[in-house]
A.B. asks: 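Next up is a structure, given as structure tokens.
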Number of protein chains: 2
Amino acid sequence: MPNDHKMADGIFNKRDTSRVTMTDVGRLAGVTQVTVSRALSHPDKVSKDTLRRIQDAIDATGFVPNAVAGALASKRSNLVSALIPSLTNVVYTSFMATFSQHLRQHGYQVLLSETGFDAASEDALIATHLSRRPDAILLTGIHHSDKARKQLQGAGIPVVEIWDITDDPIDICVGFNHHAAGRAVAEYLKAKGHAFAATITADDERALRRQSAFAERFTALSQSAVPDANTGGTASIGAGREAMAHLIDHSDFRKGAVFCSSDLSAHGAIIELHTRGYKVPQDIAVVGFGDQDFAGDIDPALTTVAVDRLQLGHLAANSVLDKLAGRPTKSVHDLGFKILTRLSA
Amino acid sequence: MPNDHKMADGIFNKRDTSRVTMTDVGRLAGVTQVTVSRALSHPDKVSKDTLRRIQDAIDATGFVPNAVAGALASKRSNLVSALIPSLTNVVYTSFMATFSQHLRQHGYQVLLSETGFDAASEDALIATHLSRRPDAILLTGIHHSDKARKQLQGAGIPVVEIWDITDDPIDICVGFNHHAAGRAVAEYLKAKGHAFAATITADDERALRRQSAFAERFTALSQSAVPDANTGGTASIGAGREAMAHLIDHSDFRKGAVFCSSDLSAHGAIIELHTRGYKVPQDIAVVGFGDQDFAGDIDPALTTVAVDRLQLGHLAANSVLDKLAGRPTKSVHDLGFKILTRLSA
DNA sequence: CTGTTAGCGCTTTCAG
DNA sequence: CTGAAAGCGCTAACAG
């Protein structure tokens with residue numbers, strides 16, 4: 001009877017296989033728990049025969065290692081935290097897809113969160129992430145509160161800031177100069193012969209920086225003011241249409257070029273212009289930002305500012321991996337940008 | 001001298017504040033580590049005065065609790081795993097945004113991964129996630145390998161399958177019937193008087209199920225075959241254009257209606273049709289799927305199949321929370337769908 | 001190649 | 001209200 005009871009509590013009858021431990025596996029394979037641990041992390045240090053018996057025991061029990069315990073003991077979580085402004089903006093998620101995939105190949109998992117527009121909540125989110133003891137952390141943008149900077153520095157892990165650039169990163173930054181991008185578009189449009197310009201901008205700190213650089217430069221070159229239509233929080237086709245409509249109805253902008261802070265709003269602007277009978281680019285030219293996958297597929301194909309997001313993903317991931325491996329790393333990576341000339345401007 | 005040395009190693013000089021422990025905080029506040037733990041998780045069980053001293057010590061040291069140790073000791077990670085097919089598909093990420101936000105308000109963090117199209121790798125990904133001992137896990141779709149099902153059941157945690165529906169979920173499922181959706185669109189288009197139809201479908205198991213239900217039903221109603229153009233892996237505007245071009249160039253489909261597996265490909269189809277001089281919906285009508293945010297903003301506004309993603313997010317999150325709290329929960333939630341009639345069909 | 005011994009930094013009883 | 005003791009399941013030296 002007592003034996004039967006033991007059996008009922010034994011590993012074969014654990015309905016909850018997540019509670020199977022290395023000790024259980026070891027017992028079944030006739031070795032200690034430590035050998036099981038070794039078999040999993042340093043298989044070369046365990047004999048072929050033992051390895052096989054352990055593998056059998058793992059299969060029989062459905063053992064799934066407990067990474068929480070592993071992380072606590074080893075002080076390495078194999079977790080990389082990532083904070084992006086929005087989960088639904090392809091510009092950020094396509095970067096994340098590359099970044100995660102790259103890191104996954106090296107055994108790291110990415111803990112991804114959306115920071116949203118509430119800058120105040122970033123601090124709390126950072127603290128929550130740090131409590132998981134990630135091996136590295138990635139942030140979007142270069143503006144963070146003093147408290148956040150302090151916490152991040154205190155964490156003693158690699159910190160990567162992306163999508164913008166500064167001489168004074170917390171640790172590493174990889175991105176490009178938004179001011180220079182806005183300026184470059186102004187010069188491009190002026191060179192194309194446009195005497196008037198307007199902007200359509202989302203409520204995003206980096207977009208606003210591009211816009212102001214654009215307006216400043218274009219005004220300097222053409223002596224004409226640059227009206228702006230703000231789309232509010234998130235760029236979208238609908239917001240772009242509305243902004244374009246607003247520009248036409250409520251400013252004296254009738255011909256020239258529009259610089260949009262996103263390909264989405266640019267697409268919306270084009271739709272609105274077509275609906276109203278304007279020809280793009282003959283009557284009004286449109287420039288987007290981001291080179292999203294559809295930019296070349298709309299009509300007319302969209303002229304836009306391209307940043308190599310694939311390279312951004314790889315560089316960010318490699319910077320993390322290099323730092324983690326103790327290899328020397330550059331702390332500032334300027335990716336640059338490129339104006340992709342298509343038909344819309 | 002020995003004292004000085006102690007100071008140099010003391011908590012005030014730890015550059016690495018992530019190594020400040022509750023013991024350090026307690027020492028500074030004149031209490032033991034246990035009291036610090038209590039102050040954080042059950043503040044009501046600690047005296048006002050002690051609480052204040054502990055709070056001061058936390059501020060002074062920059063202490064960030066170690067959730068890894070906490071999870072190991074308490075067997076609760078406050079982590080919820082989520083696996084979605086793609087990080088760049090708004091249909092999934094907009095759901096995730098709602099889901100995470102909702103869970104975050106209840107103290108859970110979401111560990112998000114992209115499964116991609118490689119069905120085989122899902123198993124490995126599930127195992128990796130389970131090793132973090134999440135308190136619950138969310139999967140997209142209802143088709144998982146036997147091995148995966150076994151592991152998931154063994155984990156002894158709530159499992160939510162979304163975006164599809166079945167009588168036999170692993171635990172909980174919340175979604176809608178894809179077959180019924182395809183069928184409903186066929187009936188809608190037939191009722192609109194269309195005698196011919198075609199489909200544009202991405203390489204996605206659920207999209208294919210909608211397509212075959214559509215084709216079967218439409219053929220039954222109209223006695224005419226339904227040609228399909230497959231866009232391959234991911235739906236996009238570009239893929240939609242190509243597929244539409246292919247349909248016109250390589251099938252005898254010239255008039256009628258096209259049912260697309262995504263609003264993106266539908267948008268692409270419309271652009272291609274306009275480019276070729278066809279009028280939508282007079283010459284060819286177009287129906288999308290998903291009701292993405294731009295659907296009403298393109299020209300003509302897109303008729304599409306809408307699923308309430310917001311409700312999906314809330315229901316999925318609430319199911320998890322209910323289950324975790326031991327409240328009774330329904331295991332199958334059918335969200336249904338709705339054909340949104342706009343101008344394109 | 002395998003085992004022993006110590007923790008990792010918390011939470012959870014159980015005492016006082 | 002506070003403390004002492006006992007782990008959670010693993011990894012990291014160190015022996016053998």
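Throughout, a chain's letter reflects where its sequence line sits, starting with A, and its residues are numbered from 1.
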A.B. asks: Check DNA chain D against residues 30-42 of chain A and give the residues with a non-hydrogen atom under 4.0 Å, in numerical order.
C.D. replies: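 A:Q33, A:V34, A:S37, A:R38 - these, ordered by number, are the residues of the stretch whose heavy atoms sit under 4.0 Å from the strand.
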
A.B. asks: Between B:K45 and B:A69, which has a closest nucleotide on DNA chain D that is more 5'?
C.D. replies: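 Nearer the 5' end of the strand: B:K45.
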
A.B. asks: Using whole Å, report how far CZ of B:R27 lies from C1' of D:dG3.
C.D. replies: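 Interatomic distance, CZ of B:R27 to C1' of D:dG3: 16 Å.
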
A.B. asks: Rounded to whole angstrom units, what separation is found between the CZ atom of A:R133 and the C1' atom of D:dC10?
C.D. replies: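 Interatomic distance, CZ of A:R133 to C1' of D:dC10: 18 Å.
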
A.B. asks: Does a salt bridge link B:D168 with B:R149, judged by any charged N lying under 4.0 Å from a carboxylate O?
C.D. replies: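 The answer is yes: the pair qualifies as a salt bridge.
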
A.B. asks: With sugar-phosphate meaning primed atoms plus P, OP1 and OP2, does A:K75 contact a base, only sugar-phosphate, or nothing at under 4.0 Å between heavy atoms?
C.D. replies: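 Here A:K75 touches the backbone only, sparing every base.
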
A.B. asks: Do A:S47 and A:T50 get their side chains close enough for a donor-acceptor pair, meaning under 3.5 Å?
C.D. replies: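 Yes, because at least one side-chain N or O of A:S47 sits under 3.5 Å from a partner of the opposite role on A:T50.
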
A.B. asks: Answer with base, sugar-phosphate or nothing: what part of the nucleic acid does B:T23 contact at a heavy-atom distance below 4.0 Å?
C.D. replies: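 It contacts nothing in the nucleic acid.
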
A.B. asks: Send over the distance from A:R76 CZ to D:dG9 P, rounded to a whole Å.
C.D. replies: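 Roughly 21 Å, once rounded to whole Å.
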
A.B. asks: If you measure from the Lys or Arg side-chain nitrogens to the Asp or Glu carboxylate oxygens, is any gap between A:R53 and A:D56 under 4.0 Å?
C.D. replies: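 Between A:D56 and A:R53 there is no salt bridge, as every charged N stays at least 4.0 Å from the carboxylate O atoms.
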
A.B. asks: Working to the nearest 0.5 angstrom, can you tell me the gap between B:L83 CG and B:E161 CD?
C.D. replies: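 Reported to 0.5 Å precision, the distance equals 11.5 Å.
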
A.B. asks: Return the angle between end axes of the helix from C:dC1-D:dG16 to C:dG16-D:dC1, with five pairs used per end and rounding to 10°.
C.D. replies: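 Overall, the helix from C:dC1-D:dG16 to C:dG16-D:dC1 bends by 30° from one end axis to the other.
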
A.B. asks: Without swapping roles, check the side chain of A:T98 against the backbone of A:L310 for a donor-acceptor pair under 3.5 Å.
C.D. replies: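 Checking the backbone N and O of A:L310 against the side chain of A:T98, no donor-acceptor pair under 3.5 Å is found.
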
A.B. asks: I'd like to know if the side chain of B:T35 and the backbone of B:V31 have a donor-acceptor N/O pair within less than 3.5 Å.
C.D. replies: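 No, because the side chain of B:T35 does not come within donor-acceptor range (under 3.5 Å) of the backbone of B:V31.
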
A.B. asks: Please tell me whether A:N318 and A:H102 have a donor and an acceptor in their side chains that are separated by less than 3.5 angstrom.
C.D. replies: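 Indeed, the side chains of A:N318 and A:H102 share at least one donor-acceptor pair under 3.5 Å.
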
A.B. asks: Nearest-Å distance, CG (A:D44) to C1' (C:dC1)?
C.D. replies: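 Taking atom C1' of C:dC1 as the reference, CG of A:D44 is at 11 Å.
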
A.B. asks: Between C:dC8 atom P and B:D24 atom CG, what is the distance in whole Å?
C.D. replies: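 From B:D24 CG to C:dC8 P: 11 Å.
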
A.B. asks: Do A:D24 and A:T61 have side chains that approach each other closer than 4.5 Å (heavy atoms only, starting at C-beta)?
C.D. replies: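 SC-SC contact between A:D24 and A:T61 ruled out.
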
A.B. asks: Starting at NZ of A:K48 and ending at P of C:dT2, how long is that distance when rounded to a whole Å?
C.D. replies: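 The answer, rounded to whole Å, is 12 Å.
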
A.B. asks: Does B:S74 make a side-chain N or O approach to OP1 or OP2 of D:dC8 shorter than 4.0 Å?
C.D. replies: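 Answer no for this pair, as no side-chain N or O of B:S74 is under 4.0 Å from OP1 or OP2.
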
A.B. asks: Heavy atoms from C-beta onward define the side chain here; which of D:dG9, C:dC1, D:dT2 lies closest to that of B:S47?
C.D. replies: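 Looking only at side-chain atoms, B:S47 lies closest to D:dT2.
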
A.B. asks: Checking side-chain polar atoms at under 3.5 Å, does A:S113 have a donor or acceptor matched by the opposite partner on A:H129?
C.D. replies: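 Side-chain D/A pair, A:S113 to A:H129: present.
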
A.B. asks: A:L72 CG to D:dT11 P: how many Å, rounded?
C.D. replies: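 One finds 11 Å between P of D:dT11 and CG of A:L72, rounded.
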
A.B. asks: Expressed as a whole number of angstroms, how long is the span from B:N66:CG to C:dG9:P?
C.D. replies: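 Rounded to the whole Å, the gap is 7 Å.
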
